Protein chains: 2
Amino acid sequence: MEKVTIATVAQRAGVSRQTVSNVINTPDVVREETRERVREAITELGYRVNQAARQMRTGRSRLIAVRIEPARDGINGSVLDRFLHGLTDAAGLAGYRVMLYTAADDNDEIATYDELLSAYDLDAFVLTSTHHGDPRTSWLAARSVPFVTFGRPWGAPDTHSWVDIDNAAGTADATRHLLAAGHQRIGFLGWPAGSGVGDARREGWHRAFGPWGVSAATTDGVESGAVAARSLLTNDEPPSALVCASDSLALGALQAARELGCDCAVVGFDDTAVAQAIGLTSVSQPLAEAAARCMGLLAELLDGRAPSVPTTVLLPPSLVLRQTA
Amino acid sequence: MEKVTIATVAQRAGVSRQTVSNVINTPDVVREETRERVREAITELGYRVNQAARQMRTGRSRLIAVRIEPARDGINGSVLDRFLHGLTDAAGLAGYRVMLYTAADDNDEIATYDELLSAYDLDAFVLTSTHHGDPRTSWLAARSVPFVTFGRPWGAPDTHSWVDIDNAAGTADATRHLLAAGHQRIGFLGWPAGSGVGDARREGWHRAFGPWGVSAATTDGVESGAVAARSLLTNDEPPSALVCASDSLALGALQAARELGCDCAVVGFDDTAVAQAIGLTSVSQPLAEAAARCMGLLAELLDGRAPSVPTTVLLPPSLVLRQTA
DNA sequence: TCCTAGGTCTTGAACGATCAAATTCTGATA
DNA sequence: TATCAGAATTTGATCGTTCAAGACCTAGGA
């Protein structure tokens, strides 16, 4: 199999290189008859644009990068996994490819941006795990590198486009579901104040249930969840249901309830494998859609047809009902 | 910030383009003094090789591709996730980058190979989820595209290099641990015969325990695991311990044992998040090492210093002890 | 008939690196 | 001192594409 270049196609179709290029990139400037002839030649020869050559001329690689993190806490690991799958799919449909990288911390990540941009001419980045005082967004913005974050810019103005899950709506839904099921005292088991995601999840419960509920805050994890739940459940007026900020905490709560022999409904968050395995009712994030929206926003930015004001997308999660609530 | 090319560096160091190129690619042909001068210029200017330009000349992209699958069964999803992280790390250290793609089935994946090879000049592929009669390996081999599989070529001769986990050794270890703990009747809960991985896991148990044990085969999943375990545990001579082919099955077995009120030790496989969460003893795959070895084999292939005979690597898993055994 | 405008197509140069061949430098030998 | 081999360095061409500019054709108006 010989190498098929744009020149091969041009010869076959009896036109010049540039005409073939025009058929591919700006078809409307080529006469219909010629266009068809070139298209036939392309399929007959199985021609495909050589990205490296195109990139050298245009400076664009049709490559976007995203960081892959180790499954930190174990339970919540697969969330990113599902997002990645969705992003790869969406990127493929839009004619882009996804490149992975790892980084130890924010500064390491910024160094990687620098390297990826100058060595590979990356077109854009998708950032995950945004947090307060995130240095990554300002670095990218200062160099006007296109990017989108999955996760809103906590504590900063909306100077870039982002996609996020409406965490508060998720816990509010869960709480309303429990209220409708007749629960009178619904508690919340969450993380210490300060993390944007955690605060939002608490806020949703608070909004739906009002200022009366009991709540506890602890670091994430099954063990600490069990400890915190135990103290809530041995109160004078123990809750009959618990909304939790994660499936890990929820699992801990379930263990505490079983130990104490009390019947307490439990709802988790993230709809992880653990929830599916043990029948835990949980709030599920629409990760595939989030990924698709991220890609959509990036495509807008890269095509230069993005509105001057950043777009923000907030997706509602859904409650997956199982045995525990 | 001006664009820094090899010509910029050459000018700064007072040498020609080619000498700079030699410092980068074949340093030993450059006189030490010159080499140092060029290296200084490179760091001062922050020069980085433009991959697209290099690729156009050499035909090599320093990019390897791997397929990302949706977390199929939920529980086992994170296995690939951890492998991917390890691969990205290892690739980065070796000067390569990882590109992702998705595919609906083997033929779709082969079409993607074709596209990635001609459009992006991919250097190599890492295949996961190998199976009997896998058409992907022969397609790649026929075009002499470098690749390594994570998973041995089930039922086919070793015509390419591969890395795999010694599944049999894992279940054998688990079984020996149970024997040492005093268990006399150790059962096995696995999948129907025919899948290479499943058969190997059964074989390891069989090897360590001999031909006397009871076993059951069922499709993967918590529910089916519970059903199968229930029938084993209500036997005339119920096992006092169960070695399982997956954490899903193990979780099912635990549920069955709890229901029946019998005390049965359980060992799972894959050390997934679920195992960590519920304290399930499980066989853990050394995924980061597997990924690193895959990358090592690929690097050999790509540098042309691979032995003429394919290399095969079989890594022993390790038993993670928790409460259930 | 001539000129012009617009549509269509072609030509030469350029992107930034490496290859292959030519050239210059160096030091040892006769 | 002249010669020469080998090391060190430079020069010109090239990879496959797109940009910018020019050439050609056709139709319509003066």
Side-chain angles (χ1 to χ4, degrees), chain A residues 1-39 41-42 45-63 95 115 117-123, chain B residues 1-39 41-42 45-63 95 115 117-123 302 304:
Chain A
M1 249 190 319
E2 299 297 304
K3 205 180 322 180
V4 179
T5 76
I6 214 170
T8 324
V9 176
Q11 195 168 22
R12 170 74 147 250
V15 296
S16 70
R17 299 185 320 270
Q18 186 58 38
T19 298
V20 177
S21 176
N22 285 335
V23 169
I24 296 167
N25 299 301
T26 49
D28 38 313
V29 307
V30 181
R31 189 164 23 130
E32 169 143 12
E33 180 200 318
T34 318
R35 202 190 311 151
E36 269 320 303
R37 195 147 38 91
V38 171
R39 289 223 166 105
I42 288 179
L45 295 165
Y47 168 76
R48 287 212 184 77
V49 174
N50 180 317
Q51 288 294 337
R54 164 181 283 179
Q55 174 181 346
M56 181 150 54
R57 196 74 250 259
T58 63
R60 319 194 53 189
S61 59
R62 303 200 75 82
L63 241 38
E115 137 108 44
L117 286 171
S118 51
Y120 290 91
D121 281 321
L122 254 87
D123 283 353
Chain B
M1 248 192 320
E2 300 297 303
K3 205 179 324 178
V4 179
T5 76
I6 213 170
T8 324
V9 176
Q11 194 167 23
R12 171 74 147 249
V15 297
S16 69
R17 301 185 319 270
Q18 185 59 38
T19 300
V20 177
S21 175
N22 284 336
V23 169
I24 295 167
N25 300 299
T26 47
D28 38 313
V29 309
V30 180
R31 197 173 8 146
E32 170 145 11
E33 180 199 317
T34 317
R35 202 190 310 152
E36 270 321 303
R37 197 149 33 92
V38 172
R39 288 224 167 104
I42 287 179
L45 295 167
Y47 167 77
R48 287 209 184 79
V49 174
N50 180 316
Q51 287 294 337
R54 164 181 282 179
Q55 174 180 345
M56 182 153 52
R57 196 74 252 259
T58 63
R60 319 193 54 188
S61 59
R62 304 201 73 84
L63 239 41
E115 137 108 48
L117 286 170
S118 50
Y120 289 91
D121 281 321
L122 254 88
D123 282 354
L302 293 169

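Only heavy atoms go into these numbers, but all of them, side chains included; no hydrogens, no water, no symmetry mates. All values derive from a computational prediction rather than experimental measurement. In what follows, chains are A, B, ... by sequence order, proteins preceding strands, each numbered from 1.
- Atom-to-atom distance recorded for Tyr47(A):OH and Thr5(A):OG1 is 7.0 Å, nearest 0.5 angstrom.
- Atom CD1 of residue Ile42(A) and atom CD1 of residue Ile6(A) lie 8.0 Å apart, to the nearest 0.5 angstrom.
- Residue Thr58(A) places no side-chain N or O under 4.0 Å from the OP1 or OP2 atom of dT18(D).
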Nucleotides 24-28 of chain D: which of its N/O atoms have a protein N/O under 3.5 Å away?
none

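- For Arg37(B), the side chain to side chain donor-acceptor pair (under 3.5 Å) criterion is met by no residue, not counting sequence neighbours.
- Listed by chain and number, the residues in a salt bridge (charged side-chain N to carboxylate O under 4.0 Å, His left out) with Arg48(A) are Asp114(B) (sequence neighbours excluded).
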* Asked: Which letters describe nucleotides 4-11 of chain D, given B = protein heavy atom under 4.0 Å from base, S = only from sugar-phosphate, - = neither?
  -> ----SSBB
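- With values rounded to the nearest 0.5 angstrom, Asn22(A) atom CG is found 13.5 Å from Arg31(A) atom CZ.
- Side-chain contact check for Val4(A) versus Arg12(A): every heavy-atom pair is 4.5 Å or farther apart.
- Between Thr34(B) and Val15(B) the shortest side-chain heavy-atom distance falls below 4.5 Å.
- A nucleotide of DNA chain C counts as in contact with chain A when one of its atoms lies under 4.0 Å from a heavy atom; the first and last such, 5' to 3', are dT8(C) to dG16(C).
- Between the OG1 atom in Thr58(A) and the CG atom in Asp121(A) there is a gap of 8.5 Å [rounded to 0.5 Å].
- Expressed to the nearest 0.5 Å, how far CD1 of Ile24(A) lies from CZ of Arg54(A) amounts to 7.0 Å.
- For the atom pair CD (Gln51(B)) and CG (Leu63(B)), the distance works out to 8.5 Å, reported to the nearest 0.5 Å.
- Looking at heavy atoms from C-beta onward, Arg39(A) lies in side-chain contact with Pro27(A) at the 4.5 angstrom threshold.
- No more than 12 heavy-atom neighbours from other residues, nucleotides or ligands sit within 6.0 angstrom of CD on Gln11(B).
- Smallest separation of non-hydrogen atoms from Asp123(A) and Arg60(A): OD1-CA, 3.4 Å.
- Rounded to whole Å, the distance from CG on Asn50(A) to P on dT14(D) is 18 Å.
- As rounded to whole Å, 10 Å separates atom P of dT17(D) from atom CD of Gln51(A).
- For Arg57(A) against dT18(D), a side-chain-to-base donor-acceptor contact under 3.5 Å is present.
- For Arg60(A) and dT18(D), the CZ to P distance is 13 Å, given to the nearest whole Å.
- Within the helix from dT1(C)-dA30(D) to dA30(C)-dT1(D), the inter-axis angle between the opening and closing five-pair segments is 70°, rounded to 10°.
- Considering only side-chain N and O atoms, Tyr47(A) lies under 4.0 angstrom from the phosphate OP1 or OP2 of dT17(D).
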